[in-house]
Amino acid sequence: MPSQPNPEFMRHAIALATQNVIVGAGGPFAAVVVRNGQIAGEGVNTVTTRHDPTAHGEVNAIRAACKALGTFSLAGCELYTSCQPCPMCLAACYWARLDAIYYGADAADAARAGFDDAFLYEEFRKAPTARALPAKQLLSDEAWGSFAAWIASENKIKY
C-alpha cells in the first residue's frame with residue numbers, strides 16, 4: 001500500500017534529472033525507488049551515453065533497486081520520477097510490482113521539450129498488422145515448447 005507522497009524524494013529525482021543534463025550524461029529524466037522511507041535505487045537517463053534505448057531513468061532506477069534489494073519484485077516500493085513514465089517505463093513499473101508512481105512533469109511537458117511518446121500510445125491501440133513496425137508470428141508451435149518446458153519445470157521461480 002502506498003504511503004503519503006514525500007516531496008523531498010521528488011525534488012531529489014528532479015535534481016538528478018537536471019544534473020544529468022548539465023553534465024551531458026543523457027536526457028532530462030531521473031527516478032528514485034523508495035522503500036520504507038529510504039532510497040533503494042536511483043537512475044538517470046543514459047540512452048545516448050550507453051547506446052541503449054532502454055536506459056531510461058525509471059528503468060535504471062528499477063534495475064538499481066532490484067540489485068540493491070536482491071529481488072526482482074519491488075512490491076512495497078514507490079517510484080518518484082521527474083516526468084510521467086513513457087509506455088516502456090510504465091510497463092516496467094507494472095512488471096516490477098511497484099506500489100505507486102509519483103511524477104513531476106507530465107507527458108505534455110515532455111512533448112514540449114521534444115520527447116513526445118503519443119505516437120507509441122496510438123500504435124499500441126492498433127492491430128499488430130496495422131502498426132508502423134511490422135510484426136509477424138513465426139513457428140508458433142515450436143515456440144510453445146519453451147512454455148511447455150516452463151510448465152513442466154520443477155526449478156522455476158514464479159513471477
Side-chain angles (χ1 to χ4, degrees), residues 1-135 150 156-159:
M1 173 177 269
S3 62
Q4 284 294 96
N6 183 331
E8 291 310 309
F9 292 125
M10 182 59 69
R11 287 186 182 100
H12 184 66
I14 293 167
L16 288 171
T18 303
Q19 184 65 22
N20 199 49
V21 172
I22 291 168
V23 301
F29 304 96
V32 295
V33 174
V34 175
R35 181 177 186 187
N36 297 326
Q38 301 292 320
I39 294 176
E42 59 185 43
V44 296
N45 179 288
T46 56
V47 168
T48 57
T49 55
R50 289 191 184 167
H51 310 290
D52 179 354
T54 68
H56 290 200
E58 296 92 338
V59 171
N60 286 338
I62 287 168
R63 289 173 178 160
C66 287
K67 184 175 181 178
L69 297 172
T71 182
F72 60 86
S73 173
L74 295 179
C77 297
E78 302 158 346
L79 181 85
Y80 289 80
T81 179
S82 61
C83 185
Q84 185 176 2
C86 74
M88 177 185 70
C89 293
L90 181 59
C93 291
Y94 277 97
W95 282 114
R97 296 179 181 86
L98 289 161
D99 287 4
I101 300 167
Y102 303 110
Y103 60 91
D106 65 16
D109 296 324
R112 280 190 304 147
F115 300 94
D116 192 354
D117 55 15
F119 167 78
L120 295 173
Y121 286 106
E122 292 170 18
E123 283 289 289
F124 296 156
R125 288 186 193 99
K126 297 177 183 176
T129 56
R131 294 178 184 157
L133 179 62
W150 170 259
K156 65 184 167 237
I157 298 173
K158 293 182 180 182
Y159 62 96

Donor-acceptor list for residues 104-111 side chains, cut-off 3.5 Å, not counting sequence neighbours:
residue : atom : partner : partner atom : Å
D106    : OD1  : A108    : N            : 3.1
D106    : OD1  : D109    : N            : 2.9
D109    : OD1  : R112    : NH2          : 2.8
D109    : OD2  : D106    : N            : 3.0

Mind checking side-chain contact (heavy atoms from CB on, under 4.5 Å) for P5 and listing every partner two or more places apart, or none if nothing turns up?
Y80, Y102
Where S73 and R97 come nearest, the two heavy atoms and their spacing
OG-CD, 3.7 Å
So do P87 and D117 actually touch side chain to side chain, heavy atoms under 4.5 Å?
yes
Nearest 0.5 Å, what's the CD-SG distance between E58 and C93?
6.5 Å
Would a 4.5 Å heavy-atom cut-off, applied to side chains only, mark I14 and Q19 as touching?
no
Out of L74, V34, L98, V32, which one pairs with L79 under the side chain to side chain contact (heavy atoms under 4.5 Å, CB included) rule?
L98
For Y121, ring pair (Phe, Tyr, Trp, His ring centres under 6.0 Å) partners two or more places apart:
none
Below 4.0 angstrom, N of the basic side chain to O of the carboxylate: do R125 and E122 qualify?
no
Can you tell me how far CG of N45 sits from CG of D52, rounded to the nearest 0.5 angstrom?
10.0 Å
For R35, is the CZ atom crowded, meaning more than 12 foreign heavy atoms sit under 6.0 Å from it?
no
So for atom OH, which belongs to Y103, do other residues, nucleotides or ligands contribute more than 12 heavy atoms lying within a distance under 6.0 Å?
no
Any side-chain donor-acceptor pair under 3.5 Å between T46 and N60?
yes
Nearest heavy-atom approach of F9 to G37 is CZ-O, 3.4 Å
